[in-house]
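Encoded as structure tokens, the structure appears first; notes follow it.
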Amino acid sequence: MGVVGAVKQTVRAVLIRGIPAKVRQRLVARFPRLPLAPYSVGEAGARFDGSAWERFYSREDPYGLATSTYEREKYERTLAALGAESFGRALEVGCSVGVFTEFLAPRCGELLAVDISEHAVRQAQARVARLPQVRCERRTLPAEMPPGPLDLIVCSDVLYYWPVEDLRAALRRFEQALGPGGRLVAAHYRPRAEAGAPLDGEIVHDLLARESALFHAESQTFEKYRIDRFEKRG
């Protein structure tokens, strides 16, 4: 790179830093080819990799999911958004310690609950040990997406930890894995969940609604979270 090129790159970086982070996030989500690095290549730096989650889940139920009335209400509304049907094969993405897994299991013939943290998976396994239709595994998605066909995929408070490019790749994997009539349900906290999370819930759900090939069947916005359901038709 010559002197002129280096100067241009420096000026561009300075200008980009002047754009509020939330505005940059939405621009990258809407227009992925815009040259808005460093955000587009993982501005957060403290990307939530497996080691960070292992440290977080080294203590029992660190989010207090089992005792939270807020979470219980959100779980009940998420279950209602699934519809009245039962599901043959289901995938829960980001199962954490298995609190929602336990609520979801009675609706499923087979339920695979996955999380990036081995510590979280072990807590989930202990919670659902009495439920023979549930299997809990440590997986990194979308790279380790299980094969379909699936009747249901549920993503609750997980997709905003993924960079935009990973989210788009996961959406394509979800669409491919769902069988005819299959459903994708997403439920996320609307503001940014953590300081290092690349996205927030509104960005995630807007991207899913805009770019998914699935039919957008339902969208509900509550004070702190949003729930959307998508269906694979035809």
Side-chain angles (χ1 to χ4, degrees), residues 25-33 39-44 46-50 52-53 78 81-82 87 89-96 100-101 104 108 111-117 120-121 124 135-190 192-194 196-219 225-233:
Q25 293 168 21
R26 293 189 180 279
L27 285 172
V28 172
R30 185 71 179 85
F31 306 104
R33 291 182 176 82
Y39 174 75
S40 59
V41 294
E43 176 187 33
R47 184 169 174 177
F48 287 78
D49 60 14
W53 286 117
T78 303
L82 302 183
F87 302 91
R89 298 186 66 231
L91 169 68
E92 182 189 2
V93 182
C95 67
S96 185
F100 180 69
T101 312
L104 179 61
C108 307
L111 173 58
L112 173 61
V114 305
D115 200 279
I116 195 173
S117 165
V121 167
R135 189 170 80 254
C136 301
E137 294 182 359
R138 198 220 68 79
R139 290 188 183 227
T140 302
L141 269 59
E144 298 177 324
M145 180 71 186
L150 297 168
D151 301 299
L152 174 68
I153 300 173
V154 179
C155 306
S156 180
D157 289 324
V158 62
L159 298 181
Y160 41 47
Y161 292 115
W162 300 0
V164 170
E165 60 270 24
D166 288 357
L167 178 57
R168 283 195 167 94
L171 180 57
R172 302 286 85 84
R173 298 284 186 93
F174 294 160
E175 293 167 347
Q176 293 166 7
L178 285 171
R183 298 183 177 185
L184 167 65
V185 173
H188 290 81
Y189 183 63
R190 292 171 60 201
R192 191 189 291 198
E194 308 280 356
L199 308 175
D200 63 39
E202 289 288 4
I203 293 174
V204 167
H205 284 241
D206 286 348
L207 186 148
L208 294 178
R210 184 177 63 251
E211 300 191 13
S212 178
L214 305 172
F215 174 71
H216 192 184
E218 181 179 357
S219 182
Y225 55 91
R226 178 172 163 183
I227 302 174
D228 285 75
R229 185 179 80 243
F230 303 84
E231 301 175 356
K232 189 169 186 176
R233 297 186 167 182

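One-based numbering along the sequence shown.
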| Within the side chain of Asp151, is there an N or O that forms a donor-acceptor pair under 3.5 Å with the backbone of Arg89? | yes
| message | Return the CD1 to CG distance between Ile203 and Leu159, rounded to the nearest 0.5 Å. | response | 12.5 Å
| Rounded to the nearest 0.5 Å, what separation is found between the CG atom of Leu214 and the CG atom of Leu171? | 6.5 Å
| field | Check: Glu175 side chain, Ala213 main-chain N or O, donor-acceptor pair, under 3.5 Å | value | yes
| Which pair of heavy atoms, one from Ala187 and one from Ile227, lies closest together, and at what distance? | CB-CG1, 3.9 Å
| query | With the threshold set at 4.0 Å, does a side-chain nitrogen-carboxylate oxygen contact exist between Glu165 and Arg168? | reply | no
| said: I'd like to know if Asp228 pairs up with Arg226 as an ion pair, taking the criterion as any Lys NZ or Arg NE/NH1/NH2 lying under 4.0 Å from an Asp or Glu carboxylate oxygen. | reply: yes
| task | Indicate the atoms forming the closest heavy-atom contact of Trp162 with Leu199, along with that distance. | result | O-CD1, 3.4 Å
| query | CD/Glu211 to CG/Leu167 distance, rounded to the nearest 0.5 angstrom? | reply | 8.0 Å
| note | Tightest non-hydrogen contact, residues Gly94 and Val158, listed as CA-CG2, 4.1 Å
| Only one of Ile153, Leu91, Val93 clears side-chain contact (heavy atoms from CB on, under 4.5 Å) with Leu184; which? | Ile153
| request: State whether Tyr225 and Arg190 meet the cation-pi test: NZ (Lys) or CZ (Arg) under 6.0 Å from the six-membered ring centroid, and within 45° of the perpendicular axis. | output: no
| message | Can you list everything that forms a salt bridge (Lys or Arg N to Asp or Glu O under 4.0 Å) with Arg229? Sequence neighbours excluded, please. | response | Glu218, Glu231
| field | pair Leu104-Leu82: side-chain heavy atoms closer than 4.5 Å | value | yes
| Does a side chain donor of either Arg138 or Thr140 reach within less than 3.5 Å of an acceptor in the other side chain? | yes
| note | Value for CD (Glu92) from OG (Ser156), rounded to nearest 0.5 Å, stands at 7.5 Å
| field | Where Ala124 and Ser96 come nearest, the two heavy atoms and their spacing | value | CB-O, 3.7 Å
| field | Taking every non-hydrogen atom, the tightest pair across Thr101 and Ala113 | value | CG2-CB, 3.8 Å
| Do side-chain atoms of Arg139 reach the backbone of Ile116 as a donor and acceptor pair under 3.5 angstrom? | no
| remark: Here the gap from Arg233 atom CZ to Arg183 atom CZ, rounded to the nearest 0.5 Å, amounts to 9.0 Å
| task | For residues Tyr160 and Gly201, report the shortest heavy-atom separation together with the two atoms involved. | result | CD2-N, 3.7 Å
| request: Report yes or no: does Lys232 contribute a side-chain atom to a donor-acceptor pair with the main-chain N or O of Leu178 at less than 3.5 Å? | output: yes
| request: Step by step, work out the side-chain hydrogen bond (donor to acceptor under 3.5 Å, both in side chains) result for His188 and Asp157. | output: CA-CA 5 Å; His188 290 81; Asp157 289 324; 5.5 Å; no
| query | Which distance, rounded to the nearest 0.5 Å, do you find between the CG of Leu208 and the CZ of Phe230? | reply | 5.0 Å
| query | Which is it for Cys155 and Phe174 under the side-chain contact (heavy atoms from CB on, under 4.5 Å) test, yes or no, and what are the steps along the way? | reply | CA-CA 11 Å; Cys155 306; Phe174 294 160; 3.8 Å; yes
